[in-house]
Amino acid sequence: MPILEVKNIKKGFGDTDVLRGVSFSMERGQVLAIIGSSGSGKTTLLRCLNFLETPDEGEIWVNGKLLTGENLSDDQIRQNRLHFGLVFQNFNLFPQYTALENIMLAPSLLKKGTPAQIRETAMSLLGRVGLSHKADSYPYQLSGGQQQRVAIARALALQPEVLCFDEPTSALDPEITGEVLKVISNLAKEGRTMLIVTHEMGFAKSVSDKVVFMDDGVLAEQGTPEEIFDAPKSERLKNFLNSTLRM
């Protein structure tokens with residue numbers, strides 16, 4: 001049974017149809033990369049999956065359980081979000097909290113253990129992203145790459161079924177992009193189920209099991225990394241890859 005099934009998701013804002021019937025599924029432990037031009041609907045899709053936006057139509061299933069429906073209560077929406085961890089483009093760390101406190105915050109609010117257990121787990125996660133020595137640092141004291149690694153640890157703290165990344169390196173200088181990509185690659189090797197929106201084509205090709213090309217609100221093409229990058233079928237994908245690789 002797929003860990004995630006997305007069926008005919010549609011989302012519009014005013015007169016603009018942003019998602020026009022998106023369907024795909026993921027198996028446990030699979031890494032799915034989503035590529036496409038700006039405005040193709042990638043971020044809106046992630047926001048719908050994380051219930052930051054409400055789809056106009058369609059279904060989202062996790063482990064065979066339907067999460068979408070009409071008139072969901074605030075508590076149901078909060079519970080649905082726990083299935084997904086989201087790492088934002090611009091980190092979104094809380095500036096008033098240290099790196100350790102940022103990771104502990106959600107588990108503490110949800111009472112996912114004793115304070116000592118939550119702290120121990122948070123320190124372990126900081127260690128996994130190579131930042132144990134920055135536990136007491138505030139976001140302004142961290143580089144962009146370090147902030148993003150803290151954000152990854154924070155997303156892992158609630159043990160989500162699917163970890164989602166929205167352009168995790170786009171706000172970083174090129175020289176520190178590698179440290180974040182290394183953390184994500186290590187998570188992939190551990191068998192973490194991940195959905196990654198990225199403009200890093202080489203990274204998408206190396207880390208993913210499946211690649212989806214979004215264009216104008218639909219999944220225009222999907223396949224293995226080799227199929228998408230080495231043998232694209234549509235002219236639209238060929239043009240996108242050519243323009244991206246020339247940048």
Item to check | pair Leu156-Leu187: side-chain heavy atoms closer than 4.5 Å | outcome: yes
Checklist entry - Is the shortest side-chain N to carboxylate O distance from Lys65 to Glu161 below 4.0 Å? => result no
Next on the checklist: For a quick test of reading the model, state the closest non-hydrogen atom pair linking Ile228 to Leu241 and the distance between them.
Outcome noted: O-CD1, 3.4 Å
Checklist entry - Does Leu181 belong to the same Ile/Leu/Val/Met/Phe/Trp/Tyr cluster as Val211, with side-chain heavy atoms less than 4.5 Å apart forming each link? => result no
Checklist entry - Val62, Leu82: one ILVMFWY side-chain cluster at the under-4.5 Å cut-off? => result no
Checklist entry - Taking the side chain from Gln148 and the backbone from Phe88, do they hold a donor-acceptor pair closer than 3.5 Å? => result yes
Checklist entry - Does the Arg149 side chain pair with the main chain of Val129, one donor and one acceptor, at a distance under 3.5 Å? => result yes
Next on the checklist: Would Leu158 and Arg81 count as a side-chain contact (heavy atoms from CB on, under 4.5 Å) here? Give the steps.
Outcome noted: CA-CA 10 Å; Leu158 292 176; Arg81 285 179 182 151; over 6 Å; no
Item to check | Note, Arg78 side chain near Asp75 side chain (heavy atom, < 4.5 Å) | outcome: yes
Can you give me every donor-acceptor pair (side chain of residues 194-204, partner residue at least two apart or in another chain, under 3.5 Å) with its distance?
residue : atom : partner : partner atom : Å
Thr198  : OG1  : Glu200  : N            : 2.9
His199  : ND1  : Glu167  : OE1          : 2.7
Glu200  : OE2  : Thr169  : OG1          : 3.4

Item to check | More than 12 heavy atoms of other groups within 6.0 Å of Gln141 CD | outcome: yes
Next on the checklist: One pair to check against side-chain contact (heavy atoms from CB on, under 4.5 Å): Leu93 and Arg154. What are the steps and the verdict?
Outcome noted: CA-CA 9 Å; Leu93 297 179; Arg154 181 179 64 179; 3.9 Å; yes
Next on the checklist: More than 12 heavy atoms of other residues, nucleotides or ligands under 6.0 Å from CD of Gln76: yes or no?
Outcome noted: yes
Checklist entry - Taking atom CD1 of Ile176 and atom CD of Glu179, what is their separation to the nearest 0.5 Å? => result 5.5 Å
Checklist entry - Among the clusters formed by ILVMFWY side chains lying less than 4.5 Å apart, do Trp61 and Phe84 turn up in the same one? => result no
Checklist entry - Is a donor on one side and an acceptor on the other found under 3.5 Å between the side chain of Lys11 and the backbone of Thr54? => result yes
Checklist entry - So, do His133 and Leu131 sit near enough that their side-chain heavy atoms are less than 4.5 Å apart? => result yes
Next on the checklist: What verdict does the side-chain contact (heavy atoms from CB on, under 4.5 Å) test give for Ser137 and Gln146, after you've listed the backbone C-alpha separation in whole Å, the side-chain angles of each residue and the deciding distance to 0.1 Å?
Outcome noted: CA-CA 10 Å; Ser137 297; Gln146 290 170 337; over 6 Å; no
Item to check | His83 vs Ile60 side-chain heavy atoms within contact, under 4.5 Å | outcome: no
Item to check | Distance in Å, Glu227 CD paired with Lys210 NZ, rounded so as to fall on 0.5 Å steps | outcome: 10.5 Å
Checklist entry - Hey, is NZ on Lys238 packed in by over 12 heavy atoms from elsewhere, all under 6.0 Å? => result yes
Please table the atom pairs, donor to acceptor, closer than 3.5 Å between any side-chain atom in residues 100-111 and protein atoms at least two apart or in another chain.
residue : atom : partner : partner atom : Å
Glu101  : OE1  : Thr98   : N            : 2.9
Glu101  : OE1  : Thr98   : OG1          : 3.4
Asn102  : OD1  : Phe94   : N            : 2.8
Asn102  : ND2  : Phe94   : O            : 3.1
Asn102  : ND2  : Tyr97   : O            : 3.1
Asn102  : ND2  : Thr98   : O            : 3.1
Ser108  : OG   : Met104  : O            : 2.8

Next on the checklist: When you measure from the side chain of Ser243 to the backbone of Asn239, do you find a donor-acceptor pair of N or O atoms at a distance under 3.5 Å?
Outcome noted: yes
Checklist entry - Considering only heavy atoms from C-beta outward, does the side chain of Thr193 approach that of Leu4 to under 4.5 Å? => result no
Next on the checklist: I need the Leu67 CG to Gln79 CD distance, nearest 0.5 Å.
Outcome noted: 10.5 Å
Checklist entry - Do the side chain of Asp166 and the main chain of Thr43 share a donor and acceptor less than 3.5 angstrom apart? => result no
Checklist entry - Can any side-chain N or O of Thr44 pair as donor or acceptor with the backbone N or O of Gly41 at less than 3.5 Å? => result no
Item to check | Reported CG-to-CD1 distance for the pair Leu49 and Ile9, which is rounded to 0.5 angstrom | outcome: 7.5 Å
Checklist outcome for this item: Heavy atoms of Leu219 and Gln222 approach each other most closely as CD1-NE2, 4.1 Å
Item to check | Atom pair CG (Leu46) and CD (Gln89), whose distance is rounded to the nearest 0.5 Å | outcome: 10.5 Å
Checklist outcome for this item: On a heavy-atom basis, the closest approach of Ser132 and Gly127 is OG-CA, 3.1 Å
Next on the checklist: Test side-chain contact (heavy atoms from CB on, under 4.5 Å) on Arg20 and Asp216; report intermediate values, then the result.
Outcome noted: CA-CA 8 Å; Arg20 300 188 297 119; Asp216 195 23; 3.2 Å; yes
Item to check | Verify same cluster id: Val162, Leu45 (apolar side-chain graph, 4.5 Å) | outcome: yes
Checklist entry - Do Leu126 and Tyr138 share a hydrophobic cluster, counting only Ile, Leu, Val, Met, Phe, Trp and Tyr and linking them when any side-chain heavy atoms are less than 4.5 Å apart? => result no
Item to check | Within-4.5 Å side-chain heavy-atom neighbours: Asp215 and Phe240 | outcome: no
Item to check | Non-hydrogen side-chain atoms of Phe51 and Thr68 separated by less than 4.5 Å | outcome: yes
Item to check | Note, Phe91 side chain near Leu142 side chain (heavy atom, < 4.5 Å) | outcome: no
Checklist outcome for this item: Note: Val87 and Ala155 closest approach over all heavy atoms is CG2-CB, 3.8 Å
Next on the checklist: Test your reading of the model: is there a side-chain donor-acceptor pair from Ser234 to the backbone of Leu237, 3.5 Å cut-off?
Outcome noted: yes
Checklist entry - What are the two closest heavy atoms between Asn50 and Cys164, and how far apart are they? => result ND2-SG, 3.9 Å
Checklist entry - At what distance, to the nearest 0.5 angstrom, does CD of Gln159 lie from CG of Leu125? => result 8.5 Å
Checklist entry - Which heavy atom of Ser37 sits nearest a heavy atom of Arg236, and at what distance? => result OG-NH2, 3.4 Å
Which pairs would a plain distance check flag for residues 24-36, meaning a side-chain donor or acceptor within less than 3.5 Å of a matching protein atom at least two apart in sequence or in another chain?
residue : atom : partner : partner atom : Å
Arg28   : NH2  : Asn63   : OD1          : 3.1
Gln30   : OE1  : Glu27   : N            : 3.2

